[in-house]
There are 2 protein chains.
Amino acid sequence: MSENSGSTSTNIFVAKLSSYIDLSIEEHQVIEELTQNSMAFDEGQDIIFESEKNSSAYLLQSGWAIRYKIVPDGGRQIISYLLPGDIFGFRESLFELSDDSVQALTPVIVHCIPAENIAEICDSHTNLSLAFTWARAREQAILTEHIVRLGRRNAYERLGHLLLELLHRLQLVEKAGNSDYFLPLTQEVLADTLGLSIVHVNRTLRKLRNDLMIELDPKTRRLRILDVDALSEATGYDQSFLDQNEKPSRSPQDAIGFEEK
Amino acid sequence: MSENSGSTSTNIFVAKLSSYIDLSIEEHQVIEELTQNSMAFDEGQDIIFESEKNSSAYLLQSGWAIRYKIVPDGGRQIISYLLPGDIFGFRESLFELSDDSVQALTPVIVHCIPAENIAEICDSHTNLSLAFTWARAREQAILTEHIVRLGRRNAYERLGHLLLELLHRLQLVEKAGNSDYFLPLTQEVLADTLGLSIVHVNRTLRKLRNDLMIELDPKTRRLRILDVDALSEATGYDQSFLDQNEKPSRSPQDAIGFEEK
DNA sequence: CGCATCGTTGATTGAGGTCAAGGCTTGTGG
DNA sequence: CCACAAGCCTTGACCTCAATCAACGATGCG
């Protein structure tokens with residue numbers, strides 16, 4: 001990991017939070033300040049490791065990361081994906097009940113909010129506190145969806161469903177096209193996410209390709225979903241769990257307007 | 001559901017929260033007030049239904065409930081169990097991204113905190129806000145463990161692991177003995193939790209019995225785990241994800257002492 | 001060039017699903 | 001008091017989805 005005084009052009013967090021919550025000018029500034037210092041990690045590096053006592057929150061500026069757990073027999077279960085604009089680590093920030101790890105899947109840039117600042121920020125900026133709450137709620141919705149995927153769907157549905165979720169989440173931060181995105185996941189990572197073997201992921205991907213559901217170039221890692229509606233239908237995907245249909249604000253008087261994109 | 005002005009003797013939430021966080025006398029009183037009005041639900045009744053717009057938080061005073069989702073093909077996936085002392089529903093309270101339902105498995109008594117009061121309570125009582133945060137973090141740890149269970153364990157391990165988690169969670173609120181508790185779950189509920197078929201749950205339970213891991217009387221629904229250590233070993237269970245090893249407090253000066261049990 | 005990583009494919013096996021049937025309760029109504 | 005139905009548990013027979021084992025090709029890197 002290397003220190004790096006970032007020159008963040010348009011701030012991804014300002015953009016993301018603003019689509020959920022009306023932020024005051026002051027709150028914009030707080031976010032800008034928080035994201036001045038950045039840390040970079042390389043592919044494969046641990047950002048938070050299991051045993052490590054860590055009490056900070058992190059903002060993921062760019063790149064992909066995974067939260068995972070190792071089981072006694074040596075297997076790995078990937079709990080969730082962290083994508084640009086996601087907030088993570090703030091769960092452990094207050095208590096010590098996590099023993100999962102976070103690892104970079106690609107080169108990654110994160111901003112760190114030290115534990116001691118979090119409470120202060122939340123107290124003085126209600127909307128930022130709300131933003132944290134929102135992030136947590138969203139993460140829980142994603143975990144819930146993952147549980148359903150693992151518990152009640154077969155390999156084909158699991159894979160298609162996950163690819164749709166990633167498309168949708170990336171679109172929300174403008175990191176995906178209408179139906180395609182950069183998918184930096186090996187088949188092993190997919191297997192460890194979906195509770196399948198590598199071999200079976202391979203065969204299931206092939207089947208998705210044969211069914212003309214997706215195109216995936218192993219070279220460029222570009223994934224294209226050929227028929228989003230058909231794949232959603234086939235895999236029982238319902239994107240509503242990721243949607244936010246309200247803009248709650250607890251201090252409308254000092255909120256500033258912000259255009260929806 | 002019926003209204004019921006409850007005469008709560010010793011408050012389960014005061015007891016539970018106090019083991020995590022030092023509460024002020026005033027905060028004790030707030031909790032007592034919040035739990036004056038209670039609602040009762042019968043077995044099988046929905047407490048929160050999917051489509052229902054619901055913006056309250058709930059405290060589960062007694063009984064068991066499940067959070068679940070229905071998949072397109074009609075299957076059901078149980079996301080989590082709600083046990084006495086658990087807080088739920090406050091995720092949806094601020095945003096609208098959930099579409100899962102909560103149903104009573106046994107007769108249940110809940111206390112409801114209307115949405116409009118939550119923000120106010122959190123603002124004026126930092127430790128109660130902290131308690132909510134803690135509850136969320138804990139719930140997330142449980143969901144994470146459930147994902148690992150579904151993704152990386154076989155039927156035998158899943159079942160044993162779940163039974164141990166329930167034992168441990170019930171012990172924390174003094175609803176279980178040293179190694180036994182009342183388990184009000186049908187094999188169908190277990191199947192829908194663990195992503196298995198009813199038939200296979202039946203066979204796996206038998207195997208656990210044959211291995212002298214558990215005793216389960218279908219009449220009384222009393223479950224006894226005969227060798228907690230052996231079962232933990234066999235199923236990769238590590239209870240640390242439920243433990244709280246710190247008592248964070250942001251206002252020690254006005255906190256009162258409270259004995260650990 | 002040699003080695004590691006990743007993707008691919010075939011052959012075999014096994015865990016767990018599905019189908020089907022019967023038993024044991026409990027409750028309800030004649 | 002008995003008949004019947006509805007749940008839930010149990011067990012057997014069979015089948016299928018996905019794991020495992022094994023091998024090979026492609027790519028990329030020191």
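By convention in this document, chain letters (A, B, ...) are assigned in the order of the sequence lines, proteins followed by strands, and residues within each chain are numbered from 1.
- Note on B:D73 versus A:R152: no salt bridge recorded, every NZ/NE/NH1/NH2 to OD/OE distance being 4.0 Å or above.
- When distances are taken from the side chain of A:V199 to each of D:dC8, D:dA18, D:dT20, the shortest belongs to D:dT20.
- Atom CG in B:L159 sits about 16 Å away from atom P in C:dA15, given to the nearest Å.
- Nucleotide C:dA15 holds its P atom 12 Å from the CD atom of B:E157, rounded to whole Å.
- Across the protein-nucleic acid pair, B:R158 atom CZ and C:dG16 atom P stand 7 Å apart, rounded to whole Å.
- Using a cut-off of 4.0 Å between Lys/Arg side-chain N and Asp/Glu carboxylate O, B:R138 and B:D86 are scored as salt-bridged.
- Nucleic acid contact class of A:R209 (heavy atoms, under 4.0 Å, all strands): sugar-phosphate only.
- Interatomic distance, CZ of B:F241 versus CD of B:Q239, reported as 8.5 Å (0.5 Å rounding).
- A salt bridge is absent between B:D100 and B:K69; no separation between the charged side-chain nitrogens and carboxylate oxygens falls under 4.0 Å.
- Contact annotation: A:R221 reaches the phosphate of C:dG7 (side-chain N/O to OP1 or OP2, under 4.0 Å).
- For A:R206 and C:dG10, the shortest distance from a side-chain N or O to OP1 or OP2 is not below 4.0 Å.
- Atom CG of A:N154 is separated from atom P of C:dG17 by 12 Å (rounded to the nearest Å).
- Side chain of B:L196, nearest nucleotide from D:dA18, C:dG16, D:dT20: C:dG16.
- Between the P atom of C:dG16 and the NE2 atom of A:H200 lies a distance of 15 Å, rounded to the nearest Å.
- Between the CD1 atom of A:I198 and the C1' atom of C:dT5 there is a distance of 11 Å, rounded to whole Å.
- Looking at heavy-atom distances under 4.0 Å, A:T186 makes contact with sugar-phosphate atoms alone, never a base.
- Distance A:E188 CD to C:dT5 C1': 10 Å, rounded to the nearest Å.
- Among the protein residues, A:R152 comes within range of no part of the nucleic acid, since none of its heavy atoms lies under 4.0 Å from any strand.
- Ionic pairing of B:E145 and B:R149 is not present here: no N-O contact between side-chain nitrogen and carboxylate oxygen is shorter than 4.0 angstrom.
- In this structure, A:D192 places its CG atom 14 Å from C1' of D:dA19, rounding to the nearest Å.
- The phosphate of D:dC9 has neither OP1 nor OP2 within less than 4.0 Å of any side-chain N or O from B:N202.
- Close to D:dG7, at under 4.0 Å from its OP1 or OP2, lies no side-chain N or O of B:Q187.
- Sequence order on DNA chain D of the closest nucleotides to A:K219 and A:G195 puts A:G195 first from the 5' end.
- Below the 3.5 angstrom threshold, one finds a donor paired with an acceptor across the side chain of B:R203 and the base of D:dG12.
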